[in-house]
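Predicted, not measured: the structure shown is a model, and the values here were computed from it.
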Amino acid sequence: MKFKREDLPVGTPVVGMVGGGQLARMTQESAIALGIQLRVLAEGETVSAAQAVADAPVGDYRDPETVRRFAAETDVVTFDHEHVPTELLRALEAEGVKVRPGPDALVHAQDKAVMRQRLDTIDAPAPAHQVVASKADIEDFAKRIGGFPIILKTTRGGYDGKGVWVCTSAEDPVVDEAFATKVPILAEEKVDFVRELSAIVARSPHGQAVAYPIVESVQRDGICVEVTAPAPGLDPDKAAHAQQTALKIAGELGVVGILAVEMFEARDGRLLVNELAMRPHNTGHWSIEGAVTSQFENHLRAVLDLPLGSPAARAPYTVMVNVLGGDVEDMHLGLLHCMARDPGLKVHFYGKSVKPGRKVGHVTAYGDDLAEVRERARHAAAYLTGTIDE
C-alpha cells in the first residue's frame, strides 16, 4: 500500500524510523495501538520491519537525498540503529527536520571516544580508558592501570561483540587486527565484574523522564542471550544509583527517546558505564509484556513529546531469552510444544531467516518465582532452536 499523508485520519502523527530491523518491527505494534503512522527506511524489501510496516521505502541511510526524501514525509525522524552519519543528521536538523534523538546526543552512542570524553565531564563512573594510536600507547596505558589484559574497542561501528578484543600484550596479534580497521581505537580497563546490568530510561523533549527497573543481562560471545527484570539480589540503593546515573546521562546529553546504559557491576562494588544506546534496546524487550508501558511505546511517546507511560513492572520477575539461530531452520515447528506446555509464554519472531548465532526472536515469561520463570523461558528458547527435544 502506497503511503499518502492525505489519506490518514486528521491529526495522525507520522514517525519515520531509519532502519528496518527487529526494533522497528516491534515499534510498529505500539504505533498501531496509538494510531501513529510509522514509516521505515529499510535496507531491503524483505527485512524484518518491512514485512510489518506498509510502504517501507528501501534506501541507503548514508545517502543525504534518500534520507531527506524520507524525512520530508514525517513529523519526526528517529532510529532503529545509530549508524546514520552525524553530519547528515546535523544538516537535516538545520533544515528544520525534527531529529530525535538529535545528532549532538546521538554522537555519544555512535562514537565511544566521544562518549567517554563527555561522560568524564559529568563524573559518570567508567572503566579507565584512553584512545590509543600505537603499540607504545597501548603499553603506556596498560602500565598506568596496572598491567594487561586490557580491552581494545573500535570507537565506531562495533556491535554484538564485533570490534572488541581482549589484549594480553602490546605484541598481541589482536593489536594489528584492531589498527587494521582504520578506525580510532579505545583502550579500556578489563573490569573484573560480577555481572552486567542495564539501566533503561525514556526522556521527552521537555525533560520528562522515567526509569525502568534495572535488569541483569547475560552475554555470550558478545551477544545478549538472557535478561532478568529486575536484576536479582541487587541492593536497592545500588539500583537507585544506576537509575539516577542513567537519568543524569540522558539529561546532560539531551537524549530524546529511549536511552539504554549498559553497566558492569564490578567485584569491588563499583557500577561502571560500559556502553550507551539511544533507541529501544535488547535489554528492554522484556518490557513488552513485563512493564505497564513497553520501551517501544515510551520511545514513540517521547519522540512525539507525549506524556510518558509508567515503566513499572507488572510481575515480580520477567525473564526474556533471545532465540538464536541454530540447526533448526523452521522454528515455527516448535510453537505447538512451547505453547501447549506453557500457555503464559510469549513468543516473538522477527521474520528473519535462520543463521547460526543470529537473533531471530525472543521469548518472555513472567511470574512470582524466579527459578520457575527462568526455566520456562530457557526451555522455550532451547526447544525452538532444537537444543532440546522435550
Intermediate values then yes/no, side chain to side chain contact (heavy atoms under 4.5 Å, CB included), Met331 and Phe349
CA-CA 9 Å; Met331 289 192 178; Phe349 284 140; 3.9 Å; yes

Determine whether Phe79 and Met278 satisfy the following criterion, side chain to side chain contact (heavy atoms under 4.5 Å, CB included), listing intermediate values before the conclusion.
CA-CA 8 Å; Phe79 310 96; Met278 296 180 193; over 6 Å; no

After noting the C-alpha distance and the side-chain angles of Thr78 and Thr27, does the key distance pass the side chain to side chain contact (heavy atoms under 4.5 Å, CB included) rule?
CA-CA 11 Å; Thr78 189; Thr27 301; over 6 Å; no

Between Lys359 and Asn282, is the side chain to side chain contact (heavy atoms under 4.5 Å, CB included) condition met? List the steps.
CA-CA 10 Å; Lys359 293 176 187 173; Asn282 198 173; 2.8 Å; yes

Let me see the working for Arg68 and Glu65 under salt bridge (charged side-chain N to carboxylate O under 4.0 Å, His left out), right down to the final yes or no.
CA-CA 5 Å; Arg68 280 192 178 93; Glu65 289 311 310; 3.1 Å; yes

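No more than 12 heavy atoms of other residues, nucleotides or ligands sit less than 6.0 Å from atom CG of Asp327. Other residues, nucleotides and ligands contribute more than 12 heavy atoms inside 6.0 Å of the CD atom of Gln219. A 6.0 Å sphere centred on CD of Glu329 holds no more than 12 heavy atoms belonging to other residues, nucleotides or ligands.
Pairs engaging residues 37-57 under the ring-ring contact (aromatic ring centres under 6.0 Å, His included) rule: none recorded [sequence neighbours left out]. A side chain to side chain donor-acceptor pair (under 3.5 Å) check over residues 176-201, counting only residues at least two apart or in different chains, returns the pairs Arg116-Glu188, Lys153-Glu188, Trp165-Glu177, Glu189-Arg270, Asp192-Arg267, Arg195-Glu216, Arg195-Glu265, Ser198-Thr283. Every pair passing side chain to side chain donor-acceptor pair (under 3.5 Å) that includes a residue from residues 380-390 is listed here, sequence neighbours excluded: Thr385-Thr387.
The CE atom of Met26 sits 4.0 Å away from atom CZ of Phe296, with the distance rounded to the nearest 0.5 Å. Atom CG of Leu324 and atom SG of Cys224 lie 9.0 Å apart (nearest 0.5 Å). Between the CD atom of Gln208 and the CZ atom of Arg203 there is a distance of 10.5 Å, given to the nearest 0.5 Å.
When all heavy atoms are compared, the tightest approach of Ala377 to Val321 is CB-CG2, 3.7 Å. Taking each heavy atom of Asp104 and Val107 in turn, the nearest pair found is O-CG1, 3.5 Å. Taking all atoms of both residues into account, the shortest heavy-atom contact from Val183 to Thr154 is CG1-CB, 4.3 Å. Contact detail for Ile138 and Cys167: the closest heavy-atom pair is CG2-SG, 4.4 Å. For the residue pair Ala365 and Val373, the shortest heavy atom distance occurs at O-CG1, 3.3 Å. Closest of all the heavy-atom pairs between Thr121 and Gln117 is CG2-O, 3.4 Å.
We find that Glu87 and Arg90 are joined by a salt bridge, their nearest charged nitrogen and carboxylate oxygen being less than 4.0 Å apart. For Asp80 and Arg279, the salt-bridge test fails: no basic side-chain N is under 4.0 Å from an acidic carboxylate O. Salt bridge Arg314/Glu289: absent, no basic N to carboxylate O contact under 4.0 Å.
When the side chain to side chain donor-acceptor pair (under 3.5 Å) test is applied to Arg100, no partner is found at least two apart in sequence or on another chain. Shown here are the salt bridge (charged side-chain N to carboxylate O under 4.0 Å, His left out) partners of Asp63, two or more places apart in sequence or in another chain: there are none. Residues satisfying the side chain to side chain donor-acceptor pair (under 3.5 Å) criterion with His285, sequence neighbours excluded, are Gln295. Evaluation of the salt bridge (charged side-chain N to carboxylate O under 4.0 Å, His left out) rule for Arg5 yields Asp75 as partners, not counting sequence neighbours. By the side chain to side chain donor-acceptor pair (under 3.5 Å) test, Lys355 pairs with no residue at all, sequence neighbours left out. Partners of Ala312 under the side-chain contact (heavy atoms from CB on, under 4.5 Å) rule, at least two apart in sequence or in another chain, are Val292, Ser310. Among residues two or more places apart in sequence or in another chain, the side chain to side chain donor-acceptor pair (under 3.5 Å) test is passed with His332 by none.
A 4.5 Å side-chain heavy-atom check between Phe70 and Met17 finds every atom pair outside the cut-off.
A donor-acceptor pair under 3.5 Å links the side-chain atoms of Arg358 to the main chain of Ser353, judged by distance alone. Without hydrogens or angle criteria, Thr364 side chain to Lys346 main chain gives no donor-acceptor distance under 3.5 Å. Here the side chain of Asn298 pairs a donor or acceptor atom with the backbone of Gly309 at under 3.5 angstrom. With hydrogens and angles ignored, the 3.5 Å screen pairs a side-chain donor or acceptor of His108 with a backbone N or O of Ala105. Under a 3.5 Å cut-off, the side chain of Asp137 and the backbone N or O of Ala133 do form a donor-acceptor pair. Using modelled atom types, no side-chain atom of Ser287 and backbone atom of Ala291 make a donor-acceptor pair closer than 3.5 Å. Proximity of a side-chain donor or acceptor of Arg376 to a complementary backbone N or O of Arg341 within less than 3.5 Å is not detected. In this structure a side-chain-to-backbone donor-acceptor pair under 3.5 Å is missing from Lys238 to Leu271. For the pair Asp60 (side chain) and Arg62 (backbone), a donor-acceptor distance under 3.5 Å is present.
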May I have the list of side-chain donor-acceptor pairs in residues 241-259 shorter than 3.5 Å, sequence neighbours left out?
from, atom 1, to, atom 2, distance (Å)
Gln243, NE2, Tyr212, O, 3.0
Thr245, OG1, His241, O, 2.9
Lys248, NZ, Ile122, O, 2.9

Distance-only criterion, 3.5 Å: show the donor-acceptor pairs between side-chain atoms of residues 44-53 and protein atoms not counting sequence neighbours.
from, atom 1, to, atom 2, distance (Å)
Ser48, OG, Tyr350, O, 2.5
Gln51, OE1, Arg25, NH1, 3.4
Gln51, NE2, Thr46, O, 2.9
Gln51, NE2, Gly351, O, 2.7

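By the criterion of side-chain heavy atoms lying less than 4.5 angstrom apart, applied directly or through intervening Ile, Leu, Val, Met, Phe, Trp or Tyr residues, Ile145 is grouped together with Val174 in one hydrophobic cluster. In this structure, Leu345 is not a member of the same hydrophobic cluster as Tyr366, with clusters built from ILVMFWY side-chain heavy atoms closer than 4.5 Å. A single hydrophobic cluster is not seen to contain both Leu272 and Ile200; linkage of ILVMFWY side chains at heavy-atom distances under 4.5 Å, directly or through other members, places them apart.
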